[in-house]
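Here's the structure we're looking at; comments come further down.
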Amino acid sequence: MAYNASPQGESALRAATAEAERRRQDLSVLVLTPQESPDVPSDLAHLLDGVPPSVKVKPVAYRAESEEVADSIIDAAERVAASLVVIGARKHSTVGTFLVGSTTQQVLLDSPAPVLVVKAGYA
């Protein structure tokens with residue numbers, strides 16, 4: 001699953017956790033914001049503390065600053081042989097209601113696995 005510190009990132013993590021538990025699979029997390037420190041960001045660490053013990057969380061991966069977001073998500077999905085890619089999406093303007101963002105669109109088209117797009121507020 002792709003994560004950033006945002007309401008849609010948190011919703012995507014909750015959805016990915018629920019899917020990992022339902023499917024009895026491990027949870028792989030890709031942090032989309034490049035990090036200077038190898039430590040898991042505190043906001044993500046707090047969220048991961050709430051992952052049920054039945055879900056194994058693999059080591060957190062990070063997007064390189066030089067890599068495009070969509071490419072990083074697709075590469076990570078291929079690397080871990082993901083059975084599902086979960087990403088968050090933000091709300092678009094009225095004109096954009098029928099469209100998705102360019103990153104979301106590229107992931108939907110190029111992902112090696114099905115993609116679940118989650119809006120902010122997913123419980």
Hey, quick one: are Leu30 and Val80 part of the same hydrophobic cluster, counting side-chain heavy atoms closer than 4.5 Å, chains of contacts allowed?
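The answer is no; the residues belong to distinct hydrophobic clusters.
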Does the side-chain contact (heavy atoms from CB on, under 4.5 Å) test come out yes or no for Leu27 and Leu13, once each step is laid out?
CA-CA 9 Å; Leu27 178 64; Leu13 181 62; 4.1 Å; yes
CD/Gln35: more than 12 non-hydrogen atoms of other groups inside 6.0 Å:
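Yes, the 6.0 Å shell around CD holds more than 12 heavy atoms from other groups.
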Can you tell if the side chain of [X] reaches within under 4.5 Å of the side chain of [Y], non-hydrogen atoms only?
X     : Y     : value
Asp26 : Val57 : no
Tyr62 : Val29 : no
Val69 : Arg63 : yes

Going through the distances and angles, do Val85 and Ile74 end up as a side-chain contact (heavy atoms from CB on, under 4.5 Å)?
CA-CA 9 Å; Val85 174; Ile74 293 162; over 6 Å; no
Looking at [atom1] of [X] and [atom2] of [Y], how far apart are the two atoms once the value is rounded to the nearest 0.5 Å?
X      : Y      : atom1 : atom2 : result
Asp110 : Ile73  : CG    : CD1   : 11.5 Å
Leu84  : Ser28  : CG    : OG    : 11.5 Å
Leu32  : Ser72  : CG    : OG    : 6.5 Å
Thr103 : Ile87  : OG1   : CD1   : 8.0 Å
Leu108 : Thr104 : CG    : OG1   : 6.5 Å

Does any N or O in the side chain of Ser11 come within less than 3.5 Å of the main-chain N or O of Gly121, such that one atom is a donor and the other an acceptor?
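A pair under 3.5 Å: yes.
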Can any side-chain N or O of Ser111 pair as donor or acceptor with the backbone N or O of Pro114 at less than 3.5 Å?
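The answer is no, because no donor-acceptor pair under 3.5 Å joins these two groups.
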Which pair of non-hydrogen atoms, one from Pro34 and one from Ala64, has the smallest distance, and what is that distance?
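For Pro34 versus Ala64, the nearest heavy atoms are CG-C, 4.3 Å.
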Might you point out which heavy atoms bring Ala82 and Ala113 nearest each other, and give the distance in Å?
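In terms of heavy atoms, the two residues are closest at O-CB, 3.2 Å.
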Run Arg14 and Thr17 through side chain to side chain donor-acceptor pair (under 3.5 Å) and show every step you take.
CA-CA 5 Å; Arg14 284 193 293 277; Thr17 299; over 6 Å; no
Less than 4.0 angstrom from a charged side-chain N to a carboxylate O is my criterion; do Arg23 and Glu19 meet it?
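Glu19 and Arg23: salt-bridged.
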For side-chain contact (heavy atoms from CB on, under 4.5 Å), just list the numbers for Asp75 and Glu67, CA-CA rounded to whole Å, side-chain angles, deciding distance to a tenth of an Å, and then say yes or no.
CA-CA 10 Å; Asp75 291 347; Glu67 191 171 27; 2.8 Å; yes
Test Leu47 against Tyr3 for side-chain contact (heavy atoms from CB on, under 4.5 Å), laying out the working first.
CA-CA 11 Å; Leu47 293 170; Tyr3 172 81; 3.8 Å; yes
